[in-house]
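Order of the sequence lines fixes the chain letters, A, B, ..., with proteins taken first and strands second; residue numbering starts at 1 for each chain.
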There are 4 protein chains.
Amino acid sequence: MLAARLHEYTHDMSDGLSVEETDRPEPDRSGDVVVSVEGAGWCQTDNHIIEGQWADYVPQELPMTLGHENAGTVVETGEEVTLVSEGDQVVCHPVQTCGICRPCRRGETMHCENDSFNGLTTDGGFAEELLTSERAVIPLPDSIDPVDIAPHADAGITAYHAVKKAVDELNPGDTAVAIGIGGLGHIGVQCLNAMTAADIVAVDLKQSARELAERCGAGVTLDPATDDVAAEVESLSDGVGAAQVLDFVGSDETTALAPDICALGGDYHIVGYGGHIHEPAQALVAGEFSFVGTLVGQYSELQELVALVKRGDVDLHTSQHSLGEINEVAEKLEHREIDGRAVITP
Amino acid sequence: MLAARLHEYTHDMSDGLSVEETDRPEPDRSGDVVVSVEGAGWCQTDNHIIEGQWADYVPQELPMTLGHENAGTVVETGEEVTLVSEGDQVVCHPVQTCGICRPCRRGETMHCENDSFNGLTTDGGFAEELLTSERAVIPLPDSIDPVDIAPHADAGITAYHAVKKAVDELNPGDTAVAIGIGGLGHIGVQCLNAMTAADIVAVDLKQSARELAERCGAGVTLDPATDDVAAEVESLSDGVGAAQVLDFVGSDETTALAPDICALGGDYHIVGYGGHIHEPAQALVAGEFSFVGTLVGQYSELQELVALVKRGDVDLHTSQHSLGEINEVAEKLEHREIDGRAVITP
Amino acid sequence: MLAARLHEYTHDMSDGLSVEETDRPEPDRSGDVVVSVEGAGWCQTDNHIIEGQWADYVPQELPMTLGHENAGTVVETGEEVTLVSEGDQVVCHPVQTCGICRPCRRGETMHCENDSFNGLTTDGGFAEELLTSERAVIPLPDSIDPVDIAPHADAGITAYHAVKKAVDELNPGDTAVAIGIGGLGHIGVQCLNAMTAADIVAVDLKQSARELAERCGAGVTLDPATDDVAAEVESLSDGVGAAQVLDFVGSDETTALAPDICALGGDYHIVGYGGHIHEPAQALVAGEFSFVGTLVGQYSELQELVALVKRGDVDLHTSQHSLGEINEVAEKLEHREIDGRAVITP
Amino acid sequence: MLAARLHEYTHDMSDGLSVEETDRPEPDRSGDVVVSVEGAGWCQTDNHIIEGQWADYVPQELPMTLGHENAGTVVETGEEVTLVSEGDQVVCHPVQTCGICRPCRRGETMHCENDSFNGLTTDGGFAEELLTSERAVIPLPDSIDPVDIAPHADAGITAYHAVKKAVDELNPGDTAVAIGIGGLGHIGVQCLNAMTAADIVAVDLKQSARELAERCGAGVTLDPATDDVAAEVESLSDGVGAAQVLDFVGSDETTALAPDICALGGDYHIVGYGGHIHEPAQALVAGEFSFVGTLVGQYSELQELVALVKRGDVDLHTSQHSLGEINEVAEKLEHREIDGRAVITP
């Protein structure tokens with residue numbers, strides 16, 4: 001079968017992955033599931049992986065097929081699989097978990113001690129077929145097309161996971177700020193809108209992104225190039241500040257906003273990454289705010305996100321591309337030329 | 001009456017405060033309370049205030065009487081005060097709150113929008129008498145001496161507040177790490193011990209501090225000069241890391257430990273300050289940990305701490321000094337020559 | 001001034017209250033506030049009070065002016081009041097609290113140890129003027145008319161308080177059941193809809209109430225006279241049951257539904273009352289569900305409800321009546337002839 | 001092998017179970033684990049099962065080997081088991097779970113949609129060997145003897161689960177009441193003591209039980225035959241009431257205490273069962289308290305309880321009996337002649 005594989009780390013996105021013939025996967029263990037991939041979202045993290053930025057954080061062995069946002073149809077199952085059978089449509093949580101370690105027992109599947117991560121630590125779904133397991137697939141209702149939902153497997157669940165932490169602390173009338181309304185951010189704003197009665201402020205440099213934010217439920221949008229974000233947030237919140245901030249960018253510039261826009265007791269969620277946090281410890285003490293790291297999301301959270309999609313509360317803004325166009329997609333994202341999410345259809 | 005007052009910011013601790021005659025305070029509003037100060041703890045934050053380190057964070061007008069850890073006897077009350085009357089012994093929460101703003105309504109008294117903070121934004125208790133209010137005093141049971149409990153008004157409540165946040169996430173058998181076993185840290189370890197069944201690891205450069213930690217309930221102590229703290233924490237926690245870390249130091253060196261010692265999903269509480277946090281955003285994402293700022297604690301938390309003291313669960317390690325020795329105490333703390341907590345007895 | 005007062009307990013609603021001349025109230029303490037009442041909602045609890053059903057639970061001294069759902073304009077204030085001044089429009093939380101006891105400190109204002117409750121333990125607002133305090137009034141934005149918001153002071157805050165507890169446990173796609181879509185229930189359904197992405201099932205015997213529920217955001221409505229409620233809930237929730245049930249009726253018949261409709265780990269919130277709970281302890285064990293009592297709501301929750309109203313998320317279905325018609329209103333409610341909420345306009 | 005089996009429901013405990021030869025179990029699925037049973041605790045629920053009291057709540061097919069509190073040594077494993085291997089000592093969570101349904105994914109293993117429960121819905125461990133699975137066994141540290149820990153598999157985890165819910169709401173100085181200090185209650189008091197700084201009040205009719213409670217950490221004990229429990233709790237808690245009550249009895253008499261001893265906002269946890277709850281809905285509204293059902297506990301909670309045992313925080317009071325004595329044990333428990341917990345050693 002055809003698969004888009006990374007052979008060595010590079011900063012040249014035009015030639016990052018090689019589309020080549022590989023062996024079809026076969027179920028090996030009793031819980032294995034093979035999925036014919038119909039949609040595979042391209043993610044900023046794929047660019048980071050190609051550049052080698054994850055090599056310090058997780059074990060990686062090259063060559064590896066990338067792709068961690070997958071959905072498609074089950075084609076083969078291990079002998080003890082009961083959740084799905086051949087022909088079922090599924091979305092694939094990117095993390096294959098053991099179900100045996102303590103984090104799995106507690107539902108913290110992202111912290112599985114024996115996990116593998118599609119397209120990050122094991123072969124992913126920029127390929128015709130993907131080997132995964134019963135513990136990593138979620139059956140889809142008939143009303144949802146796998147191509148449409150694929151990016152939720154990572155972009156969606158990451159945005160949802162961060163929002164879900166924030167929602168617990170958002171009362172009606174509180175101010176929530178979302179920074180960066182791209183692939184993740186536009187999902188995050190919709191989730192906030194569906195799950196809270198907070199007033200949503202969206203921040204993005206691009207006008208098209210700000211317009212997207214408004215359609216997704218933001219009451220106010222700010223352009224950091226021309227608006228004084230901290231002053232606007234202070235004014236919009238009657239001097240209180242933002243109870244919760246979701247930073248889908250994670251640059252030096254965005255994280256530096258934290259002490260000026262967070263309310264006392266507020267949280268600044270780090271979803272995007274690339275830059276650094278640099279603050280005096282005293283700023284966190286005087287403002288009693290937190291920098292909250294957030295990593296993808298639990299299997300059960302992806303179930304909840306599928307429910308949101310089924311209810312019509314979250315809609316993805318996507319474009320489709322063939323496997324052969326994959327490096328072009330990588331380059332375009334690098335230059336911020338993609339609105340919403342690009343989906344590869346192998 | 002005599003009071004120790006700050007006239008200008010200085011780095012010379014030997015001459016920071018001037019002990020001088022000032023007017024006795026009188027109750028002005030219906031809820032005011034005047035307390036004859038019997039104990040007033042000296043705090044590292046007093047050194048920071050003298051150096052001007054808080055001038056950027058809060059409104060300060062000099063000269064000002066310092067002292068935010070006070071306890072004593074009520075000598076006069078406003079006409080509508082019902083909680084206490086003349087002769088009652090009380091500990092004074094350092095924050096005088098309005099009871100009317102939304103944070104006060106929600107119990108988040110530290111975030112009061114109309115507060116004044118003894119010895120930080122208004123005259124404090126390094127003086128014979130202190131003007132405070134009914135909303136800031138807690139009656140003491142007969143079994144507790146004001147001199148013994150005074151430092152709990154800030155050191156105690158700050159340590160307790162941080163511990164209380166941590167406790168919610170500490171299951172039996174989890175690893176909790178306390179860094180810096182001085183005035184705050186030795187209270188924090190006792191609170192952890194009383195309120196959880198977590199395994200406590202204490203980290204300090206001084207041998208006397210590590211011994212104090214053991215008496216307070218730490219199961220293991222580490223000397224960062226000779227122990228590899230990250231490796232030890234990993235080993236003690238069976239590879240999981242510390243579910244909760246309480247950093248009572250807050251230096252560049254200590255906060256840099258966070259990504260290496262926090263468990264996935266763990267929290268790193270910033271209690272002490274002085275240094276900076278400097279981490280790639282990706283570290284917080286990959287490790288899904290948080291830097292949690294923490295600021296003193298609520299009035300109701302000081303009630304809970306008084307209950308811990310009454311139960312015998314928390315014991316303060318203190319030394320007593322007269323008002324005239326106050327600059328000497330400041331210098332000694334600067335040179336880390338004070339174990340536990342120094343209390344001024346005006 | 002005119003006030004509608006209860007002189008003795010009676011089951012005859014046609015003559016429950018006497019509309020008579022009384023003295024205008026005057027501010028006595030520094031925090032007192034006198035409000036000219038523009039709207040005062042009539043509540044099922046007023047019927048219960050007239051019948052003497054609350055005499056066992058709270059201290060009552062007759063005669064007493066009833067009325068606990070009030071809004072209007074400030075006409076006079078005590079000398080230390082800062083939150084409002086003459087001419088400000090306010091909604092009145094029914095509970096006047098001390099701000100000094102531990103529950104007040106923790107934000108649990110409903111549990112104030114020194115409270116008085118308008119129209120239940122002290123004179124209420126079925127009168128031209130109401131004596132209350134700064135701690136019990138919430139300034140209204142210009143866009144909200146006091147007459148429209150008055151019933152939120154009890155019906156609204158009670159429904160909101162119960163919903164807020166439920167919201168914490170409702171994930172997208174979960175099933176929430178609301179039983180009884182009258183004055184409280186129709187607010188509760190709107191709050192659920194604004195604050196969660198749960199699927200809402202509304203249960204009521206009256207067709208007009210079920211239609212109101214649909215307009216308020218219920219996806220499914222059931223008529224217990226013809227539908228098998230337990231079977232329908234099981235089917236709608238894919239066999240899981242209702243994660244959260246809000247019972248705005250509280251009769252023997254409704255509470256008996258709990259073991260059959262609650263999901264494992266679910267909560268059955270008792271908001272309405274009148275009947276009994278009668279279940280084997282084993283039912284709660286085997287189904288691991290809870291009966292959760294709920295009592296009005298905190299001051300800060302009324303602030304949040306005002307924010308919901310301002311956002312347009314919650315709309316009241318009301319009818320207006322003069323003070324002279326008050327006993328007629330009482331009778332109509334007794335016979336379930338009032339849809340939504342009746343508001344007296346003194 | 002020998003096993004103690006129930007052939008038909010009976011109220012005659014002297015002849016409830018038949019000790020007879022049955023086939024040894026063999027691993028059938030890839031995750032199966034066979035355990036040689038060394039300790040199997042006898043539980044009040046075993047009496048209830050023999051009487052047929054669970055037949056209405058769960059599917060049961062007779063004959064069935066009873067016994068749900070088991071620990072022993074692994075003797076055989078399915079081919080994909082990695083957590084344990086032959087010779088490992090384990091304690092057996094009574095519920096065998098699928099790991100695939102949504103409750104399992106969320107860590108709510110007690111709510112597994114495809115579970116079987118040892119000795120309740122499938123053959124249990126009053127037998128030489130028990131067939132269970134990798135998802136239901138917890139490896140023991142060397143320092144713990146399987147015979148000593150067996151009763152924790154149900155009595156322990158049930159008490160711990162209830163306490164863990166209560167702990168979240170118990171601040172230092174709050175009052176916690178434990179009713180019934182038998183097999184479960186004496187574990188519950190120890191857990192409360194290890195995990196909180198609440199003041200513990202234990203209630204039991206038997207003097208030996210009250211003495212046991214004191215050794216376990218109760219500060220005060222009450223005898224309901226001679227003490228006015230409600231008045232004592234009110235006095236001990238300065239009029240506030242019990243923030244949390246754990247009822248390990250669950251009779252009509254004990255549950256009737258709820259409105260009189262629960263603090264406003266408090267919880268009354270139903271752990272034991274047998275009687276009924278019968279209260280006016282208004283009592284729950286006026287007192288804003290909850291009746292909280294509680295059912296055994298999660299796998300991860302049994303891990304936490306093992307940690308408590310390893311730390312020395314929880315100690316079981318047990319007696320040992322051979323398989324042949326099993327009906328005698330049943331009779332003695334019926335007549336309340338067993339202190340602590342009886343363990344069968346097959």
d(B:Leu308 CG, B:Met195 CE) to nearest 0.5 Å is 6.5 Å
Looking only at B:Glu108, B:Glu134, B:Glu80, the option with the highest number of non-hydrogen pairs under 4.5 Å against chain C is B:Glu80
Using modelled atom types and a 3.5 Å cut-off, is there a donor and acceptor pairing between side-chain atoms of C:Asp123 and backbone atoms of C:Thr65?
yes
Per-residue tally against chain B (heavy atom, under 4.5 Å) across C:Gln303, C:Gln298, C:Glu301 peaks at C:Gln303
(request) Give a yes or no answer on whether the side chain of C:Asp145 reaches the backbone of C:Val147 with a donor-acceptor pair at less than 3.5 Å. (result) yes
Heaviest contributor of heavy-atom pairs below 4.5 Å to chain B, chosen from C:Arg106, C:Arg135, C:Glu79, is C:Arg135
Taking side chain as C-beta onward, heavy atoms only, is B:Glu69 less than 4.5 Å from B:Val91? no
